[in-house]
Amino acid sequence: MGCDNLASMTKVGSNIGGCMSFCNSTGKDNSCFGVNCCQTNIPPSLWFFSTSLKSINRIHDQDMCKYAFIADQDWFLSLTDIYSVQTMEQVPAVLDWKPTVSCYSFGPTNVSRNSSLCGRNTLCTNQRCSCLIGYEGNPYLSDGCQGKNLE
């Protein structure tokens, strides 16, 4: 967030994503599509990446506030004032991860469920563990899926 910024993500010296914001001093709107604010998604399947934030205009390099953060996309889109993030001590973030092994075991003569991967109260669908309907939590922990109030 800020004026004339370039935020970039790199992996082993190669750019993998980022965004650029431009200045508009006539006022701030509540969108983040490149004017005084920009956003990008973190590419999937990364083990690590580096970030940088720099000014693209020397005039605004020292006199304008600029900051970057990682936040849950749905939460950010629901804000009534996106600039209120500047005064927040923390923001919610979501780590969407999955193991690199399947919850199915593929043997020479059959396909079976890998019971050691998924916890209790789970299903194995599309080679991923998920909580049964009426349960929520982390399906990869032994007691990760707990019953929830369905009212």
State, with a plain yes or no, whether a side-chain heavy atom of [X] is found less than 4.5 Å away from one of [Y].
X      : Y      : result
Cys145 : Arg120 : no
Ser21  : Asn36  : no
Phe69  : Gln86  : no
Asn5   : Leu53  : yes

So that I can confirm a possible disulfide, could you see if the SG-SG distance for Cys32 and Cys38 falls below 2.5 Å?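 No - the two cysteines, Cys32 and Cys38, have SG atoms at least 2.5 Å from each other.
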
Between Cys129 and Cys118, is the SG gap short of 2.5 Å? yes

Any chance you could lay out the side-chain contact (heavy atoms from CB on, under 4.5 Å) test for Thr122 and Tyr135, step after step, and finish with the verdict? CA-CA 8 Å; Thr122 62; Tyr135 294 85; over 6 Å; no

Determine, stepwise, if the pair Phe49 / Ile16 fulfils side-chain contact (heavy atoms from CB on, under 4.5 Å). CA-CA 9 Å; Phe49 63 95; Ile16 56 172; 3.9 Å; yes

Nearest-0.5 Å distance that lies between atom [atom1] in [X] and atom [atom2] in [Y]:
X      : Y      : atom1 : atom2 : result
Asn138 : Gln146 : CG    : CD    : 11.0 Å
Ser55  : Asp4   : OG    : CG    : 6.0 Å
Arg128 : Leu117 : CZ    : CG    : 11.0 Å
Lys54  : Lys66  : NZ    : NZ    : 11.0 Å

Write down the atom of Met9, the atom of Pro43, and the distance for their closest heavy-atom approach.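 Result for this residue pair: CE-CD, 3.8 Å.
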
Test Met20 against Phe22 for side-chain contact (heavy atoms from CB on, under 4.5 Å), laying out the working first. CA-CA 7 Å; Met20 190 167 22; Phe22 298 95; 4.0 Å; yes

Test your reading of the model: is there a side-chain donor-acceptor pair from Asp81 to the backbone of Tyr83, 3.5 Å cut-off? yes

Between Ile70 and Leu79, is there a shared hydrophobic cluster once you connect ILVMFWY residues whose side-chain heavy atoms come closer than 4.5 Å?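 No, it is not one cluster - the side chains of Ile70 and Leu79 are not joined through contacts under 4.5 Å.
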
Indicate if Tyr67 and Val91 have the same hydrophobic cluster label, given that clusters are the connected sets of ILVMFWY residues with side-chain heavy-atom separations under 4.5 angstrom.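 Looking at the clustering, Val91 is in the same group as Tyr67.
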
The single option from Pro139, Ser130, Cys131 passing side-chain contact (heavy atoms from CB on, under 4.5 Å) against Leu123: Ser130

Evaluate side-chain contact (heavy atoms from CB on, under 4.5 Å) for Ile82 paired with Met1, printing each intermediate quantity in order. CA-CA 9 Å; Ile82 62 172; Met1 300 194 74; 3.9 Å; yes

